[in-house]
Amino acid sequence: MGAKKIITIFGATGAQGGGLARSILADRDGPFAVRAVTRDLNSDAARALAAAGAEVVAANLDDAAAVERAFAGAYGAYCVTFFWAHFSPERELVEARLMAQAARAAGLQHVIWSTLEDTRRWMQLDDPRMPTLMGRYKVPHFDAKGEADQLFRDAGVPTTFLLTSFYWDNLIFFGSGPKPAADGKLDFVLPMGEAKLPGIAAEDIGRCAHGVFRRGSELTGQTVGIAGEHLTGAEMAAALTRALGREVRHLDVPPDVYRGFGFPGADDLGNMFQFKRDFNADFCAARSVEVSRALNPRLQTFAQWLGANAQRIPLE
Ligand SMILES: NC(=O)c1ccc[n+]([C@@H]2O[C@H](COP(=O)([O-])OP(=O)(O)OC[C@H]3O[C@@H](n4cnc5c(N)ncnc54)[C@H](OP(=O)(O)O)[C@@H]3O)[C@@H](O)[C@H]2O)c1
């Protein structure tokens with residue numbers, strides 16, 4: 001067998017990149033090798049990747065020379081930015097440009113750009129449905145990723161644009177889980193009315209990305225949207241009730257109320273849920289469960305994900 005093709009993975013110690021790294025490392029006879037990028041070679045997550053057989057390299061996305069070194073000699077790369085680490089869409093754009101240009105310089109044959117919709121394609125900034133944020137965005141952590149798609153096209157990099165979905169893991173790690181109400185029952189807040197939320201187990205994003213790399217040039221230049229299931233808030237609450245053995249109610253609130261919750265990013269997330277609600281047909285159509293399962297036959301449903309993870313959801 002010839003040498004394996006190296007895939008450089010940003011975010012390899014985190015959710016998306018971690019799922020991809022684990023999926024490739026588990027595929028021992030497969031065509032790819034993992035080059036995991038981290039800022040800290042000594043973290044537990046970095047050491048675990050090395051122990052599992054990954055090449056682990058240090059790079060920060062603010063360091064062009066380090067990104068170029070991370071791409072040198074690689075076949076492909078998984079590129080993702082980390083909005084919630086800094087809350088800056090402008091920084092995401094700078095980092096995406098840097099990765100696109102470094103990918104071009106390294107002659108990468110297949111890049112996956114982890115993207116989301118530029119919601120300004122659906123709403124002008126003066127659209128009164130929701131406030132404009134940070135001067136030129138409707139949903140900052142979506143819009144900059146969508147705007148950055150063009151940076152990869154302009155750089156002439158063979159890119160698959162991977163439209164990701166809401167991680168169900170947010171119920172564990174992002175404060176999105178059910179909360180006790182005054183009557184002792186649990187309320188699951190999802191400000192989307194009867195609309196469906198495409199969701200996915202975070203681990204499955206990387207597994208789907210692995211499937212995209214396997215398909216290769218057939219998917220460069222394409223946008224691929226992934227989800228494990230499309231569910232309404234009521235359907236999610238019913239699944240949570242079954243998994244937790246306690247009644248969980250869907251609590252719909254107006255987007256304005258959600259935007260006013262006051263936690264960092266509440267306005268961005270309020271706009272995001274409203275976008276997903278108000279343009280639900282487009283948003284769901286862009287994320288095919290069938291395509292996702294073809295890329296990743298182990299794709300989990302929400303009930304399957306809850307079966308393994310419900311007890312980890314904090315209910316305080
Ligand atoms: N939560 C959701 O539902 C959801 C859904 C769709 C899309 N997203 C998007 O997903 C993105 C985050 O991806 P994720 O959830 O996979 O990330 P994550 O799990 O929070 O973190 C991934 C890893 O990235 C590394 N990292 C952070 N800043 C870095 C930098 N400046 N340079 C190099 N590496 C850096 C860190 O590794 P080290 O500490 O080892 O360096 C971190 O462990 C966000 O932009 C978000 O908008 C989230």
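Just follow the structure's listing: the first ligand is 1, and inside any ligand the first atom is 1.
- When only interatomic distances are considered, the shortest N/O to N/O separation between Ala85 and ligand 1 does not fall below 3.5 Å.
- A side-chain donor from one of Tyr167 and Gln16 sits under 3.5 Å from a side-chain acceptor of the other.
- For the pair Asp40 and ligand 1, the shortest N or O to N or O distance does not fall below 3.5 Å.
- Contacts between Ala15 and ligand 1 below 4.0 angstrom, taking non-hydrogen atoms only, involve backbone and side chain alike.
- Taking a 4.0 Å cut-off on heavy atoms, Ala202 fails to register as neighbouring ligand 1.
- Considering backbone and side-chain N/O of Phe10, none are found under 3.5 Å from N/O of ligand 1.
- Under 4.0 Å from ligand 1, not a single heavy atom of Ala45 appears.
- By the 3.5 Å distance cut-off applied to N or O atoms, Ser43 is not counted among the residues near ligand 1.
- Only the side chain of Trp84 comes within 4.0 Å of ligand 1, judged by heavy-atom distances.
- With atom 13 (O) of ligand 1 as the reference point, the heavy atom nearest to it among Phe142, Phe173, Tyr167 is part of Tyr167.
- Taking all heavy atoms of Gln16, Arg39, His86, His141 into account, the minimum distance to atom 9 (C) of ligand 1 is reached by Gln16.
- For the side-chain hydrogen bond (donor to acceptor under 3.5 Å, both in side chains) criterion with Lys196, the lone passing option out of Glu235, His230, Glu229 is Glu235.
- Contact annotation: for Asn170 versus ligand 1, heavy atoms closer than 4.0 Å belong to the side chain alone.
- Both tests do not hold together for Arg287 against Phe166: distance to the six-membered ring centre under 6.0 Å, angle to the ring axis within 45°.
- Listed by atom number, the atoms of ligand 1 under 4.0 Å from Lys145 heavy atoms are 44 (C), 45 (O), 46 (C), 47 (O).
- Using a non-hydrogen distance threshold of 4.0 Å, Asp62 does not register as a contact of ligand 1.
- In this structure, Gly18 does not count as a contact residue of ligand 1, since none of its heavy atoms falls inside 4.0 Å of the ligand.
- Contact between Phe82 and ligand 1 is present, with at least one heavy atom of the residue lying under 4.0 Å from the ligand.
- When heavy-atom distances to ligand 1 are checked against a 4.0 Å cut-off, Thr13 comes that close through both its backbone and its side chain.
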